[in-house]
Amino acid sequence: MLIVFGIASIFILPICISKSIVIGDWTKQTVYLWILNSWHIQAKDANPELLLIDDDCGNGIFCIKQLCDELQLKATFAIVPNLMDEKIVDSLKCWQRHGYGIALHGYNHDDWRNWTYKKVVTDIEKSEKWLQKNQFDMRNINYIVSPHGANNRAIRNAIKDKGYQMVTGANLLNPDTMVFQLGRLMITKNTDLEGTRGWLEKAKERKLFVIIGTHSSISDEFSIDKTKAVLQMAMKMGFKVQH
């Protein structure tokens, strides 16, 4: 009986102290992050925070910039150096000087899933060297958005050893800003706004860190109206928008 109770308590205790919230399907990655984050102790004076990360850095970034100007907030752009033209590079450098964030997203947007630790580190370092060569400010680049949502031990160790936080593909709202692996809520044309409002209300109540994700350069997926609506909801609820 003691053995049974001990095993059961491993699964019950995280439920009792959990601060993170799962959105949608319980994927293997989501379950893994939820268990880790359930044990994370949140600061008592934390406030609900929100971060918008737009992936890939195609021409859709100009729609995101226009939206940010309208709502008076700033986004973070997950860059893919080898896929960006000169106009986009120059724009991102200018925006970074005015407070917008930059995250790494793979040098070529290759899938890291079956890569070795050394190969992932090399890819990260190629992005870093490109950023330095193109005169980006490296001091406030804190996040790596794993390409294609890939997540395994080699990827996690590589990102951690390089000193970044990892934004994963898990449908998860985070206990706070300090956890290593961060989930996010992707906004698409199919996003249920009322359902999203419910998740945001729970996140506000628990003072969670919400990352909103978009693919502005994929026209079949991106919705400027849905993205705007979600951001406005969060702002009205009192989320602090970071970059």
Quick one: does any side-chain atom of [X] pair with a main-chain N or O of [Y] as donor and acceptor, under 3.5 Å?
{"X": "Gln242", "Y": "Thr177", "result": "no"}
{"X": "Asn174", "Y": "Gly183", "result": "yes"}
{"X": "Gln181", "Y": "Thr168", "result": "no"}

Please report the interatomic distance [atom1]([X]) to [atom2]([Y]), rounded to the nearest 0.5 Å.
{"X": "Asp176", "Y": "Arg206", "atom1": "CG", "atom2": "CZ", "value": "14.0 Å"}
{"X": "Lys118", "Y": "Thr116", "atom1": "NZ", "atom2": "OG1", "value": "8.0 Å"}
{"X": "Gln132", "Y": "Ser127", "atom1": "CD", "atom2": "OG", "value": "11.0 Å"}
{"X": "Lys93", "Y": "Leu131", "atom1": "NZ", "atom2": "CG", "value": "10.5 Å"}
{"X": "Ile187", "Y": "Ile224", "atom1": "CD1", "atom2": "CD1", "value": "12.0 Å"}
{"X": "Asp137", "Y": "Gln135", "atom1": "CG", "atom2": "CD", "value": "11.5 Å"}

Option from Thr214, Leu67, Ile212 for which side-chain contact (heavy atoms from CB on, under 4.5 Å) with Asp54 holds: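 Only match with Asp54 under side-chain contact (heavy atoms from CB on, under 4.5 Å): Thr214.
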Glu205 atom CD: more than 12 heavy-atom contacts under 6.0 Å: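 Counting neighbours around CD of Glu205, 12 or fewer heavy atoms of other residues, nucleotides or ligands fall under 6.0 Å, so no.
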Heavy atoms of other groups near Asn114 CG, more than 12 under 6.0 Å: no
Shortest non-hydrogen separation from [X] to [Y] and the atoms involved:
{"X": "Pro147", "Y": "Asp111", "value": "O-OD1, 4.4 Å"}
{"X": "Ser219", "Y": "Lys189", "value": "O-NZ, 2.9 Å"}
{"X": "Phe239", "Y": "Glu49", "value": "CD2-O, 3.6 Å"}
{"X": "Ala203", "Y": "Leu173", "value": "CB-CD1, 3.9 Å"}
{"X": "Met166", "Y": "Ser146", "value": "CE-CB, 4.1 Å"}
{"X": "Val241", "Y": "Met235", "value": "CG2-CG, 4.1 Å"}

Do the side chains of [X] and [Y] join up, straight or via other hydrophobic residues, at under 4.5 Å, putting them in one cluster?
{"X": "Met186", "Y": "Leu172", "answer": "no"}
{"X": "Ile218", "Y": "Phe62", "answer": "no"}
{"X": "Leu193", "Y": "Leu52", "answer": "yes"}
{"X": "Trp34", "Y": "Met178", "answer": "no"}

For Val179, the rest of its hydrophobic cluster, which grows through side-chain links under 4.5 angstrom: Leu51, Ile53, Tyr143, Val145, Val167, Leu182, Phe209, Ile211
ILVMFWY cluster membership beyond Val121 - transitive side-chain contacts under 4.5 angstrom: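 Reading the cluster by chain and number, Val121 sits alongside Tyr117.
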Taking side chain as C-beta onward, heavy atoms only, is [X] less than 4.5 Å from [Y]?
{"X": "Gln96", "Y": "Ile141", "value": "yes"}
{"X": "Gln232", "Y": "Leu71", "value": "yes"}
{"X": "Lys226", "Y": "Thr188", "value": "no"}
{"X": "Ile64", "Y": "Phe222", "value": "yes"}
{"X": "His109", "Y": "His148", "value": "yes"}
{"X": "Trp199", "Y": "Val210", "value": "no"}
{"X": "Lys162", "Y": "Leu104", "value": "no"}
{"X": "Asp25", "Y": "Thr30", "value": "no"}

NZ/NE/NH1/NH2 to OD/OE distance under 4.0 Å, Lys65 and Asp69: yes
Lys/Arg-Asp/Glu bridge criterion (N-O < 4.0 Å) met for Lys119, Asp110: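 Result for this pair is no, no salt bridge flagged.
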Check against side chain to side chain contact (heavy atoms under 4.5 Å, CB included), Leu73 and Leu50: CA-CA 11 Å; Leu73 55 84; Leu50 181 138; over 6 Å; no
Side chain to side chain contact (heavy atoms under 4.5 Å, CB included) between Ile124 and Trp112, intermediate numbers included: CA-CA 11 Å; Ile124 293 170; Trp112 290 350; 3.9 Å; yes
Phe136 and Leu92: CA distance, side-chain angles, deciding distance, side chain to side chain contact (heavy atoms under 4.5 Å, CB included) verdict: CA-CA 9 Å; Phe136 282 83; Leu92 290 172; 3.9 Å; yes
Candidate pair Glu201 and Lys204, rule side chain to side chain contact (heavy atoms under 4.5 Å, CB included), full reasoning: CA-CA 5 Å; Glu201 288 173 346; Lys204 178 188 176 183; 5.7 Å; no
Sequence neighbours excluded and cut-off under 3.5 Å, please list the side-chain donor-acceptor pairs for residues 75-90, or say none.
unit_1: Asn82; atom_1: ND2; unit_2: Asn108; atom_2: OD1; d: 2.7
unit_1: Asp85; atom_1: OD1; unit_2: Lys87; atom_2: N; d: 3.2
unit_1: Asp85; atom_1: OD1; unit_2: Ile88; atom_2: N; d: 2.9

